[in-house]
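One structure below.
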Amino acid sequence: MNEKMMTCIVCPRGCRMKVTFEGDKMLSCTGNFCKRGADYARAEIAFPVRVLTSTVTINSYEVPRLPVKTSAPIPKDKLFEAMEKLKTLKVSVPVKHSDIIFSDFISKGVNLISCRSVNS
Amino acid sequence: MNLNKSLVVVGGGPAGLAAAIAAKENGINDVIILERGSCLGGILNQCIHSGFGLHAFGEELTGPEYAGRYEEKAEKLKVDYLTDTMVLSVSHDKTVIAVSKEKGLLIIKAEAVVLATGCRERTRGAINIPGTRPAGVFTAGTAQYYINMIGNHVGKKAVILGSGDIGLIMARRLMLEGAKVEMVLELLPYSNGLGRNIAQCLEDFDIPLMLSHTVIGVSGKERLEGVTIAKVDDRLLPIPGTEQFIECDTLLLSVGLIPENEIATGAGVELSPITGGAVVNENLETNIEGVFACGNALHVHDLVDYVSDEAARAGKSAAAYLNGDKKESSQYKTIITKNGVRYCVPQKIGTLTPEIPLFFRVATPSQGSTILIYADGNVVYKKREAYLTPSEMQMVKLSDETCKKLNEAKEITVELNTK
Ligand SMILES: Cc1cc2nc3c(=O)[nH]c(=O)nc-3n(C[C@H](O)[C@H](O)[C@H](O)COP(=O)(O)OP(=O)(O)OC[C@H]3O[C@@H](n4cnc5c(N)ncnc54)[C@H](O)[C@@H]3O)c2cc1C
Ligand code: SF4
């Protein structure tokens with residue numbers, strides 16, 4: 001059995017949790033204020049994921065960069081691969097916030113979406 | 001161009017937007033926002049990470065998404081605004097002078113003004129690092145602007161001074177953008193950043209956080225070549241013999257924010273030496289009748305949700321003022337803060353109601369302290385907090401009964417009992 005201290009990143013409260021695990025299976029979790037903490041710890045032991053936010057090039061007069069994010073968390077060890085892929089994307093105006101820029105981005109079912117509207 | 005307006009809102013960030021929206025919702029049609037930037041949204045446009053709106057919308061938004069929600073609302077309500085318009089001064093009689101890219105010089109006679117000019121970052125000059133003045137030294141916010149708004153790189157190998165949230169967020173951004181962050185230094189023995197940001201911005205990328213450390217020198221002729229760091233003692237002075245040279249081409253400074261108040265000073269608004277923002281009453285009105293302040297211009301907030309909330313109250317107060325609901329200012333009493341409470345906003349109150357929160361910050365971190373509020377020496381509010389830290393603004397809302405006691409009291413005190 002292994003033991004690990006972890007900070008829950010789900011909300012700003014940032015609970016410090018003590019987690020015990022065997023391989024990629026969580027055995028216990030203490031210190032979490034709510035259930036989401038234990039869910040986070042379980043995922044973190046088995047398969048850590050993160051939401052990626054970044055920017056991509058856009059052919060706009062208003063702004064040179066369009067802020068984007070993944071619609072759901074992607075594997076943590078693919079963050080750098082995702083950043084490389086973003087460099088190859090170029091968005092054309094107009095774009096609205098929540099528009100899908102790229103479907104099945106890195107993970108199946110995860111979309112890259114626009115975080116703002118740009119008209120021209 | 002000469003104009004007359006009921007309400008002029010200076011600054012189109014989240015504070016200015018929320019204030020203008022609230023004023024409009026409370027019957028003031030003749031509102032205009034003046035924003036010096038090329039779009040509304042303020043600093044949120046460059047804060048592309050998520051973590052905004054958990055209180056206001058119950059979901060985690062990025063900065064641009066959060067700003068977008070308010071912009072849409074402003075648009076729906078047809079709130080008037082001018083971007084690329086810099087306010088140069090507001091006079092005591094509420095004459096606003098501004099220059100606009102589109103309209104040229106503007107002289108606006110306003111009946112009420114909301115100051116929502118945000119804050120700016122402390123610069124290296126303000127913390128006096130000795131050494132040369134090479135390129136490659138940025139404030140964290142400037143680097144954030146270059147990277148997220150323009151798409152430029154700032155450097156390849158970086159050291160970050162200051163472990164507040166902006167410093168932590170920028171450490172992750174630099175790593176994702178392909179730079180290497182050698183370390184984040186913090187002068188204090190604890191970080192002022194959120195635990196979740198230390199986890200997801202530093203630990204995720206194996207960036208060391210060096211507490212009780214600072215930069216004591218920078219070197220490099222044209223471009224930064226490295227920094228000398230040292231451990232500090234409990235008086236925060238560098239300890240001789242602990243110096244270390246760290247090679248890097250970029251130094252980011254994330255050493256604090258100060259409310260932006262040149263305009264306020266020009267108008268004769270009284271400022272607090274502790275917050276750097278205006279001294280206000282419970283209606284967020286300054287010492288100048290009809291001039292209100294909110295958001296980071298009033299005091300530096302950590303959560304934009306509280307900014308929007310506060311600014312909406314400023315907008316509502318401005319509307320009440322314009323609708324003829326004026327108050328006598330002689331009845332105000334100053335809230336006394338002591339024993340570990342650094343400040344309280346509002347600083348003075350006449351009539352407190354349960355909708356009006358008191359915001360304050362503590363001076364040092366503590367565990368199990370009790371927040372105490374007294375009316376003429378009698379405890380009227382008491383709350384034990386598991387963990388208090390200077391980086392987290394505290395918000396207290398009081399019951400009807402407590403407000404009544406405070407309203408009747410001659411002296412109000414807020415303090416901390418650390419036992
Ligand atoms: C670099 C930086 C990063 C931040 N990151 C975060 C974060 O990650 N999360 C978080 O919750 N908070 C963050 N904050 C705090 C954030 O500023 C507030 O949450 C919020 O944006 C404050 O809103 P505001 O409207 O008061 O100020 P701002 O957003 O700064 O808006 C003020 C506006 O007033 C305009 N203005 C100023 N002077 C004039 C003038 N003379 N004439 C016309 N217009 C003027 C400015 O251009 C600006 O648009 C950050 C702050 C900074 C400085
Ligand atoms: S455990 Fe719950 S309360 Fe604690 S940080 Fe995680 S989500 Fe927030």
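Naming convention: chains lettered A, B, ... in sequence-line order (proteins, then strands); numbering from 1 in each chain.
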message: Once you measure the plane-to-plane angle for B/Phe138 and B/Tyr146, does it fall in the parallel (<30°), tilted (30-60°) or perpendicular (>60°) bin?
response: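 If you compare the ring of B/Phe138 with that of B/Tyr146, the planes turn out perpendicular.
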- request: Can you label the angle between the B/Phe57 ring and the B/Tyr66 ring as parallel, tilted or perpendicular, going by 30° and 60°?
  value: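 Perpendicular.
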Assess the side chains of [X] and [Y]: does a donor N or O sit below 3.5 Å from an acceptor N or O?
{"X": "A/Thr57", "Y": "A/Arg65", "answer": "yes"}
{"X": "B/Tyr190", "Y": "B/Thr389", "answer": "no"}
{"X": "B/Gln200", "Y": "B/His49", "answer": "no"}

Proximal component of [X], with respect to chain A [non-hydrogen, under 4.5 Å]:
{"X": "B/Arg172", "result": "neither"}
{"X": "B/Glu72", "result": "side chain"}
{"X": "B/Leu54", "result": "side chain"}
{"X": "B/Ile48", "result": "both"}
{"X": "B/Asp204", "result": "both"}

Option that, when pairs with chain A are counted at under 4.5 Å, heavy atom only, ranks first among B/Leu176, B/Asn197, B/Ile147: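 So the answer, after comparing B/Leu176, B/Asn197, B/Ile147, is B/Leu176.
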Residue selection (most heavy-atom pairs with chain A, distance under 4.5 Å) from B/Ile198, B/Thr62, B/Leu194: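 Result: the option with the highest number of such pairs is B/Thr62.
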message: With chain B as the partner, which of A/Pro48, A/Cys15, A/Cys11, A/Cys8 has the greatest number of non-hydrogen pairs under 4.5 Å?
response: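 Maximum pair count with chain B is reached by A/Cys11.
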field: Side chain proximity check, A/Ile45 to A/Met6, heavy atoms < 4.5 angstrom
entry: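 SC-SC contact between A/Ile45 and A/Met6 confirmed.
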- request: Search all heavy atoms of A/Ser28 against all heavy atoms of A/Thr20 and return the closest pair with its distance.
  value: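 Distance-wise, the nearest heavy atoms are OG-OG1, 2.6 Å.
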task: State, to 0.1 Å, how close B/Cys248 and B/Lys157 come at their nearest heavy-atom pair, and which atoms those are.
output: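 Closest pair (atom of B/Cys248, atom of B/Lys157, distance): CB-O, 3.3 Å.
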query: With a 4.5 angstrom heavy-atom cut-off, which part of A/Val10 approaches chain B: side chain, backbone, both or neither?
result: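 Backbone only.
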query: What's the spacing between A/Lys4 NZ and A/Met26 CE if we round to 0.5 Å?
result: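 Going from the NZ atom of A/Lys4 to the CE atom of A/Met26 covers 12.5 Å.
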Spacing of A/Tyr40 atom OH and A/Cys34 atom SG [to the nearest 0.5 Å]: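 If I round to the nearest 0.5 Å, the distance is 13.0 Å.
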- prompt: Looking only at heavy atoms, which of residues 84-120 of chain A get nearer than 4.5 Å to chain B?
  reply: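 Counting heavy atoms that sit under 4.5 Å from chain B, the residues of residues 84-120 of chain A involved are A/His97, A/Cys115, A/Arg116.
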